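The structure appears below as structure tokens.
Quick caveat, the model's predicted, so the values are computed rather than measured. Proteins come first, then strands; the chains are lettered A, B, ... in the order of their sequence lines, and each starts at number 1.
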Amino acid sequence: MNPSNYILLSAVLFSIGAIGVLVRRNAIIVFMSVELMLNAANLSFVTFARMNGNLDGQVVAFFVMVVAAAEVVIGLAIIVTIFRTRRSASIDEPSLLKY
Amino acid sequence: MTELMPAEGVFSLIWLLIALPLAGAIVLLFGGRRTNSWGPYLGVLTVSASAVLGVLMLLGLLDRPAEERTVEQTLFTWVFVGDFQADMAFQLDQLSMVFVLLITIVGALIHVYSLGYMAHDPDRRKFFGYLNLFVAAMLLLVLANNYLLVYVGWEGVGLASFLLIGFWQAKPSAAAAAKKAFIINRVGDVGLSLAIMLMFVTFGSVSFDDVFRSTSEASEGTLTAIGLLLLLAAAGKSAQFPLQAWLLDAMEGPTPVSALIHAATMVTAGVYLIVRSNAIYNAAVWAATAVVIVGLITIFMGAIIGSAKDDIKKSLAGSTMSQIGYMIFAAGLGPIGYVFAIFHLLTHGVFKAGLFLGAGSVMHGMNDNVNMRRYGALKGLMVITFITFMAGYLAIIGIPPFSGFWSKDEIIHAAFERNAFIGIATILAAGITGFYMTRMIAMTFFGKPRWEEGVHPHESPAVMTIPLIILALGSTFMGMALLFWGNIESWLEPVTGFASEPTPLPTMFYIGVTLVVVIIGAVIGWITYGVKPVPIDPPHGSWLTRAARKDLYGDAVNDVLVVQPSLATARYLSWFDDKGIDGFVNGIARWVGLLANTLRRTQSGLVRSYALSMVGGVFVVVLALLLVRMN
Amino acid sequence: MSGSQFGLFGNDPWWLVIGKSVAVFGLLVLLTLFTIWWERRVVSRMQNRIGPNRVGPFGLLQSLMDGFKLAFKEEILPKSAHVGVYWIAPVISATAAFVAFAVIPFGPTVSIFGVETPLQLTDFPVSVLYVLAIASIGVYGLVLAGWASGSTYPLLGGLRSTAQVISYEIAMGLSFVGVFLYAGSMSTSEIVIAQEPIWYAVILLPSFLIYVTSMVGETNRAPFDLPEAEGELVGGFHTEYSSLKFALFFLAEYINMVTVSALATTLFLGGYLAPWPLSLWESANTGWWPVLWWLIKVQLFIFLFIWLRATLPRMRYDQFMKFGWKILIPISIVWIFIIAIARLFRDSVSVTNTQLLVGGAIVIAVLLIGSWLFQLRADKRDAAAELELDERRARPFDANAGGYPVPPLPGERFEYTSRRAMAAGTVATTTVAVAAPETTNEEAPDA
Amino acid sequence: MNEVIEPNLGETLVFWICGGLAVVGALGMVISRKAVHSALWIALTMINLAILYVANSAPFLGMVQVVVYTGAVMMLFLFVLMVVGVDSSDSLIETIKGQRVAALLLGVGLTIMLVAGLGAGLSGAGTIGLDAANAADGGNVQGLARLMFSDYIIAFQATGALLITAAVGAMVLTHREYWQPRKSQRELSQDRFTDGGHPGNKPSPGVYARHNAVDTPALLPDGSTSAISIPAPLRARDDARAIDVNDITNVRRLTEGESE
């Protein structure tokens, strides 16, 4: 088995995540889809690290995880704040922000 | 050209000459109300200190041989852009020295005088601040060693002049006069800035030393252009034809200002500029000729205006124009005239300052009335003012041994050496000078009192009369002192050059003719205004009188030639801006608006539709990458 | 994974792997049964009771019987439950509990039927992290149970356990850092071996204490048993569970207790290594003896759990959270700083142990004095703030301060001022107190 | 270093099982109507990804993946889901015209393109493996640590700062200002007693009564009923069960009997 299969798996997961972002309206699920996309990218990084015989890819994946954690914290805080005012977690709801 | 000597000893303090009044100005203008009480005295002190410093430097220069009297002090490199470099550097030579002395000493006297004159003005502190600023800028102008720095001083005095003319800005006429002076000065400033640019392009430098050293490298056409531009600058600052219109209105400022700025110092900056740039004019004959013509025209314009005005200050202002015309005229004569231009400048600076301060003293006694037809018979009531004024009077019309005689006579002499026609013209102008000055004396101090009701003429306080006395002494003796004891010709010679040409007619001949003409003018004046009673309401007068009362239609000409076309252009441009440009822009905006109206449908605010566009973009990019890779 | 450092791991024959797995499973089930009985006995003794004593010798079979009873009880499925998740939650919980034990070493290498093998199911470079990871998966069981029950109390219990686990896992992870620093490894077997000279509980006492505290929080045991607080949440997350599913939760809880105790033993008490006086005996650390030492140490921790449950009242939720975030985590971080610096000094500067100790003593003294001074200042500031608040309360509130209507600040009372009256010049003000709504007892006794 | 390591059969097995589960989890996440189900599905994906990391010679990352993503991030998601109570199923009716179709087309297209493109591009790519890189520092964790604390130290510090900022930001975002200091337990209990309310527990329904249903009022010692012993909604609906007079008399007799 060629390790590039991992890359293909990562591509598939990434696309599924993208579709999730596009079709789901619940902000939290959209958020999960974004996390899925990040995870897919991480899988690529880890695989690349192995294919190239150098650990930098793993370090990058690690940093992605850290940044994702920070992003989740803020994102969820925003969702909670929006939910408090609008009683809804629909991502279409804050469209008034365009003004 | 003499060698530039490094600044040592007392000359290491050249910067302090400027810094002192500048510091005074800063303290006074930014110190706020807490400096109200002691501020004016600080102003007097800084200028006086500069004067003392100037005297010390004069002594220092006298100790040196003539060719070592050019001192240069470089503080720091001020501007360096590419090839262009200008230093914050000062050059003290014989020419600057006399200016420094004139500015600081007359300035100090006028500061002292102002203590009395402005005693009751609520904005006294500001006044002294502006005065100090003016002195600093003027000193910078005359001490600079390059044209760019001159330009700074040039603008600085322009600013101070503007502020001081409009000092009583509550008066609409004062505000308008200030603006007028400022705007007309701008025209001259454009000339100076263009001249500087041209110099940089031609010589690669703007410092005096470099420019004068390399005049031979430039074509005569270029030099003529520079000379004419410098003449434009000088005309603007010195109120020469055709930019003379502002000076008469500038009399709206307080009288000490008129005395200091618009008689003794600033208006002579143009003369300084031309004399300083003598190397250029020496090489540009046509430019020099233009200078002569401008000077000659102005001599007559000023004299005629001075003869017709009833306002004592405006009459004096006309006289100033005329006298500066003399100087410019002399400067245009070439090496033979430079020295006398400066000589006349010095004597004129003193006696005209005295005359203005005397006029101020009269106004002080007459409740600030400036109409000479309301004066009369003041000689007994204002003895000191009268005597000092008489000293100035005799000096300006050129009665020996008063100082004006020596300087004016030399100019006439020089004029004859160049051309008999212009010589005769200058003598004629001297006659007119005699006429209008006699008219002024007669209307002010002699005859019957024509005072307005409630006016009680009185002598001014000592703080005003003492400067008057000092200036009167200067008016009386300075000419002789400079000529015989101070030997001004050989003093200035290293800077200006001096060509002693053979004299076709004996000197005494000119003196005699001139004196006769002057006395004829004075007698006519006396008969017209001294013997006959002066009507309180001005008579209709001849067409020339009427024209002179209107400044020889200077404003009208400006109005027709400049103001109306400008306004018309502005109106047209405004219309074009409104309809053409705005229409174009608005049209674009409308189209953009229409476009945006359709495009904004995509900006739904729905995050998911944005995300869709993003994914679409990714799709396209990946597709492009793949296609590129496949091929 | 199977690098040189883990020579014997991953090389077992298949039958030995299965054997070990079964042994671990059996051990855990037995330990659970024993611990339940042990707990009931100990708590009873502490409460002047006798405890289970009827079934089997000393009532030892009591928990087995209870298990049978539970298994035969009726399954109740709440109507509002989310079926799939409701089913899977206890499975996750129990599975995670068992799986976590895979990396716990019971003893050194022994010979089983002629095969040299370590007494440990498996080990790899990050096995301590593995335990953490599995623990965090185990929480899913609780959270999902709470949510899937479709009922309020379980949901609250689930929420609490989420917050609790996230909070205490941080402190727990931080307490490991010291051990990692000293052992230079995250593998359990290597950490145990690294404690041959001295237990980490001694040199890393703060880490040890923090771990012990957070392990109680992590296992939802008293006094941190908030997810199943009976007085507040009926039964917490397992309120709606019954029969075998409830048994699974029960099992998971006790296995978790054993796991964290075993982990504490491994990381801080030298694992299977013999304690000091015994270690003088040559063969104490060879053969099967270490398993005994290990068991004793684990039982000590379990006794600690029981002891805590019997003596301490449950904490209030906010105090509990405050304790985790504002005390345990900051202390952990400061402690990591200290050990990192100490390590740095020992490695790069030649410092003797005496100097290190003296330095440490000085640091501690400075910290103590500093905190005392800090406290004094804080007291003073609090007193000043109190005073200011009193003053503000005493001052009448101006609703139109500076001509603009302003809301009252804390401690001020809003007084309605009639504009018309003010305009008329008669500053008659009507006072409407908009303070906190009076707690009127709607259910006042009407009889 | 150049020697190409061929993954063994075990890894192939792991890849297909875990990779399949990961895809199933991802699809489940997108398809699930309930947010909590979505969270569970994606947790499944993440755990499987962790296993794939381990299989890819990244044991440390694998564990971190579980701890961070499954343990912390997804737990946070669940927490927020429960706090905001987004419990009900989402409506699956699409509101933006054409969004779903376009999304599916784009997604599928992207998948096909990526898989095809990457597959073609990577088909001949060899694998060096990480054994040498790991051995250089004595292990995967040590290798990562060396990189992180030397080459990537700035990035490491920056992410640290980012985390702190995120924590503070979350607190600021979700912070609610209290106009008045929160009452302490002491103050609460004082309020409870000073206001003259009922200080103790309210009488339970059915005390001294023959029934223990919630709608049965408690009987007071004098035989009268206590209204506060039944829940307010029942009282508001006037649903209190009537008391059998005999009960009252019985009680009265009892109390009198005791007093005698």
Exercise for review: Kindly give the heavy-atom pair with the smallest separation between A/Met32 and D/Ala39, and that separation in Å.
Suggested key: CE-CB, 3.5 Å
Review point. Taking A/Ile19, A/Val59, A/Ile7 one by one, which has the highest count of heavy-atom pairs under 4.5 Å against chain D?
Key: A/Val59
Check your understanding: Just wondering, more than 12 heavy atoms not from D/Ile164 lying within 6.0 Å of its CD1?
Key -> no
**Study point:** Interatomic spacing from CD1 in D/Ile112 to OG in A/Ser15 - rounded to 0.5 Å
**Key:** 9.5 Å
**Study point:** Part of A/Thr47 lying under 4.5 Å from any heavy atom of chain D
**Key:** both
Review point. Where is the tightest heavy-atom contact between A/Glu35 and D/Phe77, given as atom of each residue plus distance?
Key: CG-CE1, 4.0 Å
Exercise for review: State the CG-CZ distance between D/Leu76 and A/Phe31, to the nearest 0.5 angstrom.
Suggested key: 9.5 Å
Practice item. Heavy-atom distances under 4.5 Å only: say whether A/Leu13 touches chain D with side chain, backbone, both or neither. Key: side chain
Point to revise | Any side-chain heavy-atom pair of A/Ile28 and D/Leu81 under 4.5 Å | key: yes
Study note, to complete from the structure: CH2 (D/Trp16) and CG (A/Asn5) are apart, to the nearest 0.5 Å, by 5.5 Å
Review point. Tell me, which pairs form a salt bridge (charged side-chain N to carboxylate O under 4.0 Å, His left out) where one or both residues lie in residues 56-74 of chain D, sequence neighbours left out?
Key: none
Check residues 151-160 of chain D and write down every donor-acceptor pair under 3.5 Å in which the side-chain atom is one partner and the other belongs to a residue at least two apart or another chain.
from	atom 1	to	atom 2	distance (Å)
D/Tyr152	OH	A/Asp56	OD2	2.5
D/Thr159	OG1	D/Ala155	O	3.0
D/Thr159	OG1	D/Phe156	O	2.6

Review point. Roughly how far apart are A/Asn26 CG and D/Arg33 CZ, rounded to 0.5 Å?
Key: 12.5 Å
Revision key, fill the gap. From the list D/Leu49, D/Val172, D/Thr165, the residue making the most non-hydrogen contacts under 4.5 Å with chain A is D/Leu49
Review point. Of the listed residues (A/Val67, A/Asn42, A/Val12), which shares the most heavy-atom pairs with chain D below a 4.5 Å separation?
Key: A/Asn42
Revision key, fill the gap. Closest non-hydrogen contact found for A/Arg24 with D/Met29 is NH1-O, 3.7 Å
Revision key, fill the gap. Closest heavy-atom pair, D/Ala166 versus A/Val73, reported as atoms and distance to 0.1 Å, is O-CG1, 3.7 Å
Review point. Relative to chain A, which segment of D/Leu110 carries a heavy atom at a distance below 4.5 Å: side chain, backbone, both, or neither?
Key: both
Check your understanding: Which answer fits D/Met74, side chain, backbone, both or neither, if we ask what part of it has an atom under 4.5 Å from a heavy atom of chain A?
Key -> side chain
Exercise for review: Report the C-alpha distance between D/Asn56 and A/Gln58 in whole Å, list the side-chain angles of each, state the deciding distance to 0.1 Å, and finish with yes or no for side chain to side chain donor-acceptor pair (under 3.5 Å).
Suggested key: CA-CA 10 Å; D/Asn56 254 323; A/Gln58 294 194 9; over 6 Å; no
Check your understanding: Picking from D/Val68, D/Leu106, D/Val64, which has the most non-hydrogen pairs under 4.5 angstrom with chain A?
Key -> D/Val64
Exercise for review: Heavy-atom distances under 4.5 Å only: say whether A/Leu9 touches chain D with side chain, backbone, both or neither.
Suggested key: side chain
Check your understanding: If every non-hydrogen atom of D/Val30 is compared with every non-hydrogen atom of A/Gly20, which pair is closest and at what distance?
Key -> CG2-CA, 3.8 Å
Check your understanding: Counting heavy-atom pairs under 4.5 Å to chain D, which of A/Ile78, A/Val21, A/Leu76, A/Ile79 comes out on top?
Key -> A/Leu76
Exercise for review: Under the side-chain contact (heavy atoms from CB on, under 4.5 Å) rule, what do D/Leu162 and A/Val66 come out as? Steps first, then yes or no, please.
Suggested key: CA-CA 9 Å; D/Leu162 178 72; A/Val66 178; 5.8 Å; no
**Study point:** Pick from A/Ile74, A/Val72, A/Thr81 with the largest number of heavy-atom pairs that fall under 4.5 Å of chain D
**Key:** A/Ile74
Check your understanding: Of the non-hydrogen atoms in D/Leu61 and A/Ala61, which two are nearest, and what is the gap between them?
Key -> CD1-CB, 3.7 Å
Exercise for review: Assess whether side-chain contact (heavy atoms from CB on, under 4.5 Å) is satisfied between D/Thr45 and A/Asn39, documenting all intermediate values.
Suggested key: CA-CA 9 Å; D/Thr45 302; A/Asn39 266 289; over 6 Å; no
Review point. Say you draw a straight line from CG of A/Leu36 to CE of D/Met46; how long is it, rounded to the nearest 0.5 Å?
Key: 7.0 Å
Revision key, fill the gap. Here the gap from D/Ile31 atom CD1 to A/Ile29 atom CD1, rounded to the nearest 0.5 Å, amounts to 12.0 Å
Revision key, fill the gap. Ranked by heavy-atom pairs below 4.5 Å to chain D, first place among A/Ser10, A/Ser33, A/Gly57 goes to A/Ser33
